[in-house]
Amino acid sequence: MVILSKVFDEVIEVNLMDSADYIHLAFLKRPELGVTLTKLHCWTLTHYSKCVFLDADTLVLSNIDELFDRAEFSAAPDPGWPDCFNSGVFVFQPSLETHGLLLRHAVDHGSFDGADQGLLNSFFSSWSTADIHKHLPFIYNLSSNTAYTYSPAFKRFGSSAKVVHFLGPTKPWNYKYNPQTGSVLEDGSGLGTQHQTSFLNLWWTVYQHSVLPLYESFRDAGEHVAPGHATGVGEPCAESAGSSQPWPAEGPSEETVVTEDVPPSPKGCRSEDTIGWPELETSAGVRCDPLSPPSPQCADSTETQTTSRPADKAESGPSVEAVEPSQEPPVDVTGDPSPQDALEVDLAVSVFEISIEEKVKAPSPEEERRHWEEGRIDYMGKDAFARIQEKLDRFLQ
Ligand SMILES: O=c1ccn([C@@H]2O[C@H](COP(=O)(O)OP(=O)(O)O[C@H]3O[C@H](CO)[C@@H](O)[C@H](O)[C@H]3O)[C@@H](O)[C@H]2O)c(=O)[nH]1
Ligand SMILES: [Mn+2]
């Protein structure tokens with residue numbers, strides 16, 4: 001929680017079990033709805049006039065503020081059934097009335113896929129036909145890990161990608177990663193496309209360079225890290241392209257990110273299992289897109305993020321009561337880190353260490369040359385411009 005509050009302006013913990021009865025009713029009808037129904041809480045953020053919901057398995061590559069110009073309910077087509085939208089990225093307008101209607105809909109009709117996407121598609125059922133402006137371009141919710149991909153389109157439009165979504169059962173954090181080569185290990189299925197691998201490498205690069213140092217600084221500072229004092233935390237994505245704004249450092253900014261904290265849960269990882277901090281490369285961040293230059297602006301492995309624009313309510317601040325009577329107040333992120341925080345840090349570090357395959361067979365020079373000749377250039381890894389430049393710099397010294 002302390003670490004999240006360094007990155008996000010506002011962190012609100014939502015506790016499903018403490019929610020009102022209608023949630024429990026929905027639970028009774030379709031218990032599997034539980035986890036993703038939590039998304040519906042976002043409609044209670046009425047101290048914002050417009051919000052953008054992002055799944056925790058999305059990776060934002062560049063500034064997407066223009067999404068605030070879209071109306072509710074805007075979303076991109078689902079790659080598996082394009083007449084439905086995908087609910088991993090959507091623009092919405094907080095409203096207690098809509099929130100209530102959505103929950104009512106869940107109780108009365110359930111969800112055709114047992115989760116939020118089915119529910120939202122049947123609730124906003126006119127999406128596919130009523131207003132093309134509510135169809136977000138695919139670049140705002142680019143899924144690169146589906147079995148079928150349209151490679152020429154990827155080649156033509158992929159460089160404009162703004163949000164990548166790792167939808168499906170296998171998430172980036174399920175892969176093994178080699179920090180020496182800066183690449184994930186292929187799963188051997190042969191299903192992965194080059195685009196997918198590049199985006200996975202990018203996710204891991206951001207995680208390694210921008211997220212882990214936050215944990216590291218927390219751990220180094222022991223129990224005495226004062227929230228808001230980012231000791232030795234690198235500025236993530238300082239080189240963000242164009243209008244991109246780096247993560248908020250301190251104090252409120254106009255753009256607010258609300259986070260639902262879901263800590264990583266490596267079952268059986270004891271804190272004493274965390275041995276040795278992996279040698280992390282900190283000199284040059286790899287910051288290019290496989291096809292062209294969008295920079296990772298933020299990435300998240302474990303949180304549901306909602307980017308919001310404050311409502312035009314000059315005099316009234318966030319009012320918890322006005323949002324929902326049973327909702328817990330925003331968590332006090334100004335207190336000292338709790339043992340729970342320390343545990344979460346250890347768990348996250350353990351996950352990272354477990355995810356790293358230490359003994360990876362490095363490709364031979366012949367293999368590397370063959371990859372080049374076949375056009376399989378590892379733009380995100382060893383062939384990244386930043387790394388090549390690093391080598392040149394070393395050579396020229
Ligand atoms: O234990 C969990 C599981 C999910 N989530 C949140 O729910 C989101 C959806 O789950 P995810 O595994 O990302 O689903 P997808 O593989 O993306 O599958 C699709 O189907 C889901 C269910 O309808 C939708 O929520 C997704 O947006 C849609 O892309 C996650 O990103 C998280 O934000 C949690 O916070 N904790
Ligand atoms: Mn998702």
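Both ligands and their constituent atoms are indexed starting at 1 by order of listing. Fair warning: this is a prediction, and the values are worked out from it, not measured in the lab.
- For the atom pair OH of Tyr177 and CD of Gln208, the computed distance is 4.0 Å after rounding to the nearest 0.5 Å.
- Listed by number with element, the atoms of ligand 1 under 4.0 Å from a non-hydrogen atom of Asn86 are 28 (C), 29 (O).
- The shortest N or O to N or O distance between Ala56 and ligand 1 is below 3.5 Å.
- From Leu142, atom CG reaches atom CG of Asn86 across 11.0 Å, with rounding to the nearest 0.5 Å.
- Considering backbone and side-chain atoms together, Gly168 places an N or O closer than 3.5 Å to an N or O of ligand 1.
- In this structure, the ring of Phe73 has its center less than 6.0 angstrom from the ring center of Phe85.
- Ranked by closest heavy atom to atom 19 (C) of ligand 1, the top entry among Lys171, His165, Gln117 is Gln117.
- Every atom of ligand 1 with a heavy atom of Ser87 under 4.0 Å away is listed here by number and element: 24 (C), 25 (O), 26 (C), 27 (O).
- Evaluated for a ring-ring contact (aromatic ring centres under 6.0 Å, His included) with Trp43, the options Tyr48, Phe92, Phe53 yield exactly one hit, Phe92.
- Comparing Asn141, Asp55, Thr38 against atom 10 (O) of ligand 1, the shortest heavy-atom distance belongs to Asp55.
- A distance-only check finds a donor-acceptor pair linking the side chain of Lys50 to the backbone of Phe68 [under 3.5 Å].
- Looking at Ser210, its side chain never comes within 3.5 Å of a backbone N or O of Tyr207 through a donor-acceptor pair.
- At least one N or O atom of Gly88 sits closer than 3.5 Å to an N or O atom of ligand 1.
- Distances from atom 13 (O) of ligand 1 to the heavy atoms of Asp57, Leu54, Leu120 show the closest one on Asp57.
- The option with the heavy atom closest to atom 22 (C) of ligand 1, from among Ala115, Gly80, Ala75, is Ala115.
- When rounded to 10 degrees, the angle formed at the Mn ion (ligand 2) by OD2 (Asp55) and NE2 (His165) equals 100°.
- Hydrophobic clustering, with ILVMFWY side chains joined whenever heavy atoms are under 4.5 angstrom apart, groups Trp127 together with Leu101.
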